[in-house]
Peer 1: 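For reference, the structure I am asking about is given below.
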Number of protein chains: 2
Amino acid sequence: MSLHALKLAPQDCGDCPIRHRAVCARCDGPELAKLEEMKYYRSFEAGQNVVWSGDRMDFVASVVSGIASLTQTMEDGRRQMVGLLLPSDFVGRPGRTIAPYDVTATTDLVMCCFRRKPFEEMMGSTPHVAQRLLEMTLDELDAAREWMLLLGRKTAREKIASLLSILARRDVGLKAKAAKGPISFDLPLTREEMADYLGLTLETVSRQMNALKRDGLVELEEKRRIVVPNFDRLANETGDDSDGGFLS
Amino acid sequence: MSLHALKLAPQDCGDCPIRHRAVCARCDGPELAKLEEMKYYRSFEAGQNVVWSGDRMDFVASVVSGIASLTQTMEDGRRQMVGLLLPSDFVGRPGRTIAPYDVTATTDLVMCCFRRKPFEEMMGSTPHVAQRLLEMTLDELDAAREWMLLLGRKTAREKIASLLSILARRDVGLKAKAAKGPISFDLPLTREEMADYLGLTLETVSRQMNALKRDGLVELEEKRRIVVPNFDRLANETGDDSDGGFLS
DNA sequence: CGATTGCCTTGATCAGGATCAAATGAAAGG
DNA sequence: CCTTTCATTTGATCCTGATCAAGGCAATCG
């Protein structure tokens, strides 16, 4: 089961320019009008910080384009990524003013923001939004739990294979898991970010990437350009059940 | 920051016999009456399975007493606990019929159940419940992310210290972190369950428990009876920030 | 009462990743 | 063009926690 790919499926608004519609269960109606009025955009460039853990955070937002990551850091510098936000994902929680982790733009990033207070009020009066948000949060919780299995029990090789599967599946169009041809995509993460995602060191990530390459499971043309010739064969290395997960 | 303890705080109904009030933002009103009519209880004894991953699950429930655990298992038997449910915690998700992980009674357990369909309908008409559920889910997500940091980056010793801190803090009454005296409590988990929680083997758990004992951070009188003479000293071993976390 | 079972401890050894260190390569800038 | 910088690779070594294997200790049961 993928960590993030599935989240997009139910409400993905495709080319719709108003990606924040993802927060609304229906892409029209009066609540959308209210959201329209409230929204404003913020852009960040790759590497830039959005908020620090402990900062006051007076807005909630959804990702329009690019990738953001949530990370937790220990005093001595050990770091663990705890969330990877793709377009249409949501950050920030109603009812909490202090950010519990760092939010960073991993690639160039555009977010669609709403000030928290009015957003909360709107939520109170429009049950659709609260319900949609609940759904999204439950999906994220499931993803987090899958991730916990990865962190706690998988080998380095399985971790890498899992991450690559997730990214490959996402790039191929979500449910087209029947896609039999080769899949190619650009890695949006550095080796270090991959390491933070997987609970490894960057050296181990590098070594295992090359091991997968040696074994013919992926091709690495340009360090960040990945080709997966046979998705199922890669998926076999993840340690996950073969079926690929199920929902609803 | 504790993983589970904090979840109880905002809505803990104390001695209230109707613990499932935790799902309702207000412990009265018409929605409670509806919940009252719908509820039914189920009991399990320690070790008994509640649902298997992949099973159809036609109910949602909240824990009345005892402890339940959520675990994920790989084909080869590697297991990772991904949730520990304490009284007033909620299981099951509206809109999903298939259980994504095993639910097991860790101790004797009583759950207050609601059939899923009517519960969902009720949720649609009573925004309070949806909102309360959203809050609880967000708390659980935060807990899961803290847990990810533990699994991905902490040493065995830090992991054990973290778990014991969580349990100690819970038993002492949640926010009474100023409790300066010794704290004592019964471990609700076997060494193996602790290992599954922490992403370790039971041998390592055993060794590190005894290491903490040797270092005077905990006393082990009866294998399952823990005394923490100085909570702050234990908390220093967790690798977490000293302050103990913050909310809202 | 001895035998069984479940849970925990302890010891010896091994190995998967971490760590430390250096080299490579590519892109950006002066 | 040379230098700098950043991401990545590669190598050598170390160490934490896993693995394999006994043994201890209560509680339960025949």
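Chain letters run A, B, ... following the sequence lines, proteins first and then strands; every chain starts at 1. In this text, all values refer to a predicted model and were calculated from it rather than measured experimentally.
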Peer 1: Within this structure, what is the CG-to-C1' distance between B:Leu187 and C:dC7, rounded to whole angstrom?
Peer 2: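 For the pair B:Leu187 CG and C:dC7 C1', the rounded distance is 13 Å.
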Peer 1: With DNA chain D as reference, determine whether B:Leu200 or A:Glu203 sits nearer its 5' end, using the nearest nucleotide of each.
Peer 2: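 Here A:Glu203 is the residue nearer the 5' end.
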Peer 1: Where the side chain of B:Leu202 is defined as all heavy atoms beyond and including C-beta, which of C:dA18, C:dG17, C:dT9 is the nearest nucleotide?
Peer 2: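 That would be C:dT9.
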Peer 1: Decide if atom CD of B:Glu221 counts as having more than 12 heavy atoms of other residues, nucleotides or ligands within a radius under 6.0 Å.
Peer 2: yes
Peer 1: Could you tell me the separation between the CD atom of A:Glu222 and the P atom of D:dT8, rounded to a whole number of Å?
Peer 2: 13 Å
Peer 1: Hey, which sits more toward the 5' end of DNA chain C by its nearest nucleotide, B:Arg224 or A:Thr204?
Peer 2: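 Nearer the 5' end of the strand: B:Arg224.
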Peer 1: Would B:Thr73 and B:Arg78 count as having a side-chain donor-acceptor pair, cut-off 3.5 Å?
Peer 2: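 Checked: B:Thr73/B:Arg78 side chains show no N/O donor-acceptor pair below 3.5 Å.
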Peer 1: If you check every side-chain atom of B:Thr201, which of D:dT19, C:dA18, D:dT9 has the closest atom?
Peer 2: D:dT19
Peer 1: How far does CG of B:Leu85 sit from OG of B:Ser62, to the nearest 0.5 angstrom?
Peer 2: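 With rounding to 0.5 Å, CG (B:Leu85) is 10.0 Å from OG (B:Ser62).
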Peer 1: Do any side-chain nitrogens or oxygens of A:Arg157 fall under 4.0 Å of OP1 or OP2 in C:dG17?
Peer 2: no
Peer 1: Find the distance B:Ile160:CD1 to C:dC8:P and express it as a whole number of Å.
Peer 2: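 Taking atom P of C:dC8 as the reference, CD1 of B:Ile160 is at 12 Å.
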Peer 1: Return the value, rounded to whole Å, for the distance between atom CD of A:Glu192 and atom P of D:dT8.
Peer 2: 9 Å
Peer 1: Please state how far atom CD in B:Gln80 lies from atom P in D:dA18, giving the value in whole angstrom units.
Peer 2: 12 Å
Peer 1: Contact class for B:Gly199 vs. all strands (heavy atom < 4.0 Å): base, sugar-phosphate, or nothing?
Peer 2: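 Here B:Gly199 touches the backbone only, sparing every base.
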Peer 1: Please determine whether any donor N or O and acceptor N or O are separated by less than 3.5 Å between the side chain of B:Arg207 and the base of D:dT19.
Peer 2: yes
Peer 1: Please collect all salt bridge (charged side-chain N to carboxylate O under 4.0 Å, His left out) contacts where either partner lies in residues 194-215 of chain A, sequence neighbours excluded, each pair once.
Peer 2: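 Of all non-adjacent pairs touching residues 194-215 of chain A, those that pass salt bridge (charged side-chain N to carboxylate O under 4.0 Å, His left out) are A:Arg79-A:Asp196, A:Arg157-A:Asp215, A:Asp196-B:Arg153.
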Peer 1: Between A:Arg153 and A:Lys223, name the one whose nearest nucleotide on DNA chain D is closer to the 5' end.
Peer 2: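 Nearest-nucleotide comparison on DNA chain D picks A:Lys223.
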Peer 1: Could you tell me how far apart A:Asp196 (CG) and C:dA18 (C1') are, to the nearest whole angstrom?
Peer 2: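 One finds 14 Å between C1' of C:dA18 and CG of A:Asp196, rounded.
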Peer 1: Check the distance between D:dT16's P and B:Leu198's CG and give it to me in whole angstrom.
Peer 2: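 From B:Leu198 CG to D:dT16 P: 18 Å.
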